[in-house]
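Following: one structure in structure tokens, then a few remarks.
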Amino acid sequence: MYTVKNAIATLVEEFLKSKGAEATDIASLLEVPADTKNGDLSLPCFRFSKALRCAPPMIAAQLKEAIEGALPQVEKIDAMGGYLNFYLKGEFFVNALARISAEENFGSSEVGKGKTVCLDFSSPNIAKRFHVGHLGTTAIGGCLKNLYDFCGYTTVGINHLGDWGTQFGKLIVAYKKWSSAEKVKERGISELVDIYVRFSAEAEKDDSLNDEARAAFAKLESLDEEYIAIWQSFKEISLREYMKTYELLGVEFDSYNGESFYNDKMDAIVDELREKGLLVVDDGASIVRLDDYDMPPAIILKKDGSTLYATRDITAAIWRKNNYDFHKCVYVTSAGQSLHFAQYFKVVELMGYDWAKDLVHVPYGTMSVNGEKLASRTGNVILLDDLFGEAIAKAEKIIEEKNSDLKDKRGTAEAVGVGAIVFGALRDGRIKDTNFVWEEALSFDGNTGPYVQYTYARTASILRKSEGDMGDYSAYSPLAEESALIKLLCTFPDKVLAALADHEPCVIARYALELCAAYNLFYHNCTILKAEGEAKAFRLQLTATAKHVLGKCLDLLGMKRTEEI
Ligand code: ARG
């Protein structure tokens, strides 16, 4: 394929070979300088210094002499220090714009064709309210799923609901003592949370309640009909509330197989572990020792024979491999669970499954509120419902003030309010710990989601007013801010791949911000609708392409497109 990078690379390779040096993959060495003063592309010559036995500035100067004039799309070449800087002609950018605007799925790729990726994300523990602590996994996981889809993978979004474990014994006891089907129906998760809190308080005074809870869980595990029905109702109530949040976020799952799904599948895995000589009985519990890997043991069965979180995860991984034959299985949780994943990935490896290397944990930093750990029990949480509610109300108020004639006020306020929260959750590197601050979460100014949505709406509005007036622009000679915008647009496919390689949504979020800044600079410096001839045609095409790419960024981040604000 002819690209300027390849053309430069070929000439540089010829030069190197003529000097008896090896030359491979020169195109990948070409960098885009941070400052346009240093050209549009730059070749660092330090790498060749040893083979050519020559100082880098000397090599740059010789190279300049050898290839100057041989590249039709290059305006001038400068040797600066150890760098060779290339300044491209305007026609290069005009051609680039024509090329990327003609690509229907610009930015997408087929790198994942034929490969399936499982994404285990969100996965709340049922009977608990959705709070800001769940925002990270839901927003990051949703974005990663979109990225994998965009790169041609087949994706399976899995909500590994926390719907099994001893806490359900406690909840059933509490329910039978202090609640009823009517109350749960009326108050939803709030009722379940309240009786759970009451159980904890009363069990501190009266330990026999804990024995009752253990007995209740054992009954649930033996699939007692009445207990299963109660547990099922807890699950339904919880899911009904979670679905509202998922709808608002535009997040969808292909499977809701939670922990309970693996109930009847764990025995076989425990047997397998035993047969493979991995299980050791330690103080009554069955464990897999991981001392050789500097990790505490993975507990597979408790003293009383009950299974644990890890037992269910090991079973789930094997089930998913058998069912989906995944290329990768990605888990998005807070970094607090890193040890759990490292332990159980190791157990799967020790079982002899070479695909254990395809299990990937994507951790993110923990969130605190008012500088303190999130804790539902003490009330130090921000519920997602409240957060979204506030954000949407704020957006509604602003719309009412600034554009009360807007057609879909409620829909737009929802898009902007939720967009602000989602963008805020994705903008910073995922591993950074964060402290929740209301004003920051609700900020619509500066580098925020609403700023991106607003810029997107600006491109949409210009195109609406242009009435499809495009036309030829092949002889147009672009201004600096126009070339800068095109250059940025051209890097979109690289950004998508980089975000995927590191499982880092912030690459896309930050790119969207850069794009908005570049577009707004262009918008302020160049007339668009009032321009004429080729300039107008070119600027409209540039606007359309910026809209296309910004729109894709919003889609990938899981934010709604706002055609009008
Ligand atoms: N339910 C867990 C929690 O709320 C997250 C589950 C993550 N997925 C998994 N396969 N372990 O912390």
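Numbering of ligands and ligand atoms starts at 1, following listing order.
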Check your understanding: What class does the angle between the rings of Y246 and F130 fall in, given that below 30° is parallel, 30 to 60° is tilted and above 60° is perpendicular?
Key -> perpendicular
Exercise for review: For D120, take its heavy atoms, then give the atoms of ligand 1 lying under 4.0 Å from any of them.
Suggested key: 7 (C), 8 (N), 9 (C), 10 (N)
Check your understanding: Should the ring pair W438 and F436 be called parallel, tilted or perpendicular, given that the plane angle runs from 0 to 90° and is split at 30 and 60?
Key -> perpendicular
Review point. Y353 ring centre to K276 NZ or CZ under 6.0 Å, with the angle to the axis within 45°?
Key: yes
Point to revise | H131 and H134 aromatic ring geometry - parallel, tilted or perpendicular at 30°/60° bounds | key: tilted
Check your understanding: Going by distance only, is there an N or O of R320 that falls short of 3.5 Å from an N or O of ligand 1?
Key -> no
Review point. Just distances here: any N/O of T333 and N/O of ligand 1 closer than 3.5 Å?
Key: no
Practice item. Check if F121 has a non-hydrogen atom at a distance under 4.0 Å from any atom of ligand 1. Key: no
Check your understanding: When you measure from atom 2 (C) of ligand 1 to every protein heavy atom, which one gives the shortest distance, and what is it?
Key -> S123 O, 3.5 Å
Review point. Can the ring centroids of Y256 and F261 be said to lie less than 6.0 angstrom from one another?
Key: no
Exercise for review: Number the atoms of ligand 1 from 1 as they appear, then name those within less than 4.0 Å of a heavy atom of Y309, with their elements.
Suggested key: 2 (C), 5 (C), 6 (C), 7 (C), 9 (C), 11 (N)
Check your understanding: Should the pair K495 and Y511 be classed as cation-pi, given the thresholds of under 6.0 Å to the six-membered ring centre and 45° from the axis?
Key -> no
**Study point:** Check: E259 N/O within less than 3.5 Å of ligand 1 N/O
**Key:** no
Exercise for review: Could you tell me if any non-hydrogen atom of Q337 lies under 4.0 Å from any atom of ligand 1?
Suggested key: yes
**Study point:** L161 contact mode with ligand 1 (heavy-atom cut-off under 4.0 Å)
**Key:** neither
**Study point:** Whether H503 and Y148 hold their rings parallel, tilted or perpendicular, with breakpoints at 30° and 60°
**Key:** tilted
Study note, to complete from the structure: A student checking ligand 1 against Y331 at a 4.0 Å heavy-atom cut-off should list atoms 10 (N)
Review point. Taking heavy atoms and a distance under 4.0 Å, where does F341 meet ligand 1: side chain, backbone, both or neither?
Key: side chain
Check your understanding: Within 45° of the ring axis of F199 and under 6.0 Å from its six-membered ring centre, is that where the NZ or CZ of K170 lies?
Key -> no
